[in-house]
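Before any comments, here is the structure.
First listed ligand is number 1; within each ligand, the first listed atom is number 1.
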Amino acid sequence: MIIDTHVHIGGEAVGFHMNEDMVLEAMDKYGIDFSVVSNSDAGEVDHQQKLLPKELQVSQEDALRRAIRFARKHPKRIGVAPWIKPLTQGITKELEDLISDNKDIICALKVHPYHSHIQPTDERVLPYIELAEKYDLPVISHTGHDEDDSPVHLYEAAKLFPKVSFVMVHMGLGTDNREALELLGKADNLYGDTTWVPMGTTIEAVERYGSKRIFFGSDMPIDGVDTYGHNPRGERSLYQDYFHELPKRISREAYEDIMYKNALRVFHLKDRID
Ligand SMILES: [Zn+2]
């Protein structure tokens, strides 16, 4: 079984082309059993960190409704991670109602410190983390190498909320992953994922901390339906390593933890997937 904990739809306003049909097609083609989907329509700033104009802003509630519609059609294959808008919106009753009414298909909360231009420990984000705690949802957060999205801020959030699980998506995108690897050893409720993370980093994480701390994730379909296979220029995807090389490099038990068992446990998916 494979569970991909980091899959997207939406995001046209910030230049992505990702939709429901692409997700399903890729899952069929590459043998992915379940995907945790967040809707990038809720991005708040563009790749230059500039606030998107009002006409391109989609509310966090509308973005969530689209993801919910998708998951409702495929409840055994698709789970939802609401993508929050702490910069331009804040928590609304409507958002909380959507989460509580759809708790059966919602399995995480998505924070994007880069596309929201905000740190995970900012006082505008903390109420969302309290909401995640209330509904027993892990917090999955993009991490990179800028002021807002540096992994250390997610570590700080993990220290503030010891009962909430936090996932450092990308283990610090655009870095050598060293900082994220060190931080994994400093908070038991801090996790990493494999999204654009070289296999060597994942193997080192397993050697240092065991196999319970990393989830398989990919950003699919950010490079198209063949994100798992190759990019639009035809260059082999690093996820091929995860599918074909990693099983030879770590124990079967550790491999199963990373590819689905950790997600079953932390994203509370055991009852969802037959
Ligand atoms: Zn992503």
Side-chain angles (χ1 to χ4, degrees), residues 2-20 22-23 26-27 30 32 34-47 49 52 58 60 63-64 66-67 70-71 78-87 106-120 125 128 132 137-146 148-151 153-154 165-175 177 180 191-198 201-202 214-228 231-232 237-239 242 263 266-267:
I2 299 177
I3 297 176
D4 189 332
T5 60
H6 193 92
V7 170
H8 293 299
I9 53 174
E12 302 282 337
V14 288
F16 297 126
H17 177 59
M18 307 186 284
N19 64 44
E20 291 82 344
M22 294 166 79
V23 169
M27 288 175 73
Y30 291 91
I32 309 299
F34 193 88
S35 293
V36 178
V37 173
S38 58
N39 184 355
S40 306
D41 284 344
E44 299 181 276
V45 304
D46 64 16
H47 290 287
Q49 298 279 279
L52 290 172
V58 175
Q60 62 196 0
L64 175 54
R66 175 174 167 186
F70 184 31
I78 302 294
V80 175
W83 180 318
I84 64 169
K85 297 189 70 156
L87 186 70
I106 289 175
C107 44
L109 194 76
K110 165 82 172 177
V111 185
H112 207 302
Y114 191 83
H115 282 301
S116 286
H117 200 348
I118 202 166
Q119 295 183 5
V125 178
Y128 286 99
L137 301 170
V139 171
I140 54 179
S141 173
H142 169 96
T143 60
H145 60 275
D146 288 310
D148 295 323
D149 63 4
S150 164
H153 302 307
L154 209 63
S165 301
F166 290 85
V167 186
M168 293 182 286
V169 173
H170 308 303
M171 302 282 284
L173 189 67
T175 75
N177 308 134
Y191 297 80
D193 94 340
T194 67
T195 305
W196 306 120
V197 173
T201 297
T202 298
I214 304 281
F215 305 99
F216 179 67
S218 72
D219 253 346
M220 195 274 287
I222 205 164
D223 269 350
V225 166
D226 288 304
T227 297
Y228 296 123
N231 68 16
S237 158
L238 60 71
Y239 301 118
Y242 284 93
V266 177
F267 289 71

### Query
Is the H115 ring parallel, tilted or perpendicular to the H112 ring (thresholds 30°, 60°)?
tilted

### Minimum heavy-atom distance P82-A108, with the two atoms named
CD-O, 2.9 Å

#### Entry: Atom name of the N, O or S atom in D219 that lies nearest to the Zn ion (ligand 1)
OD1

### Message
Counting backbone and side-chain atoms alike, is an N, O or S atom of H112 positioned under 2.8 Å from the Zn ion (ligand 1)?
### Response
no

### Message
I'd like to know: is the Zn ion (ligand 1) within the 2.8 Å range of an N/O/S atom from H6, strictly under that distance?
### Response
yes

### Query
How about T202 and Y242: does a side-chain donor come under 3.5 Å of a side-chain acceptor?
yes

### Message
Keeping H170 on the side-chain end and T195 on the backbone end, is there a donor-acceptor pair under 3.5 Å?
### Response
yes

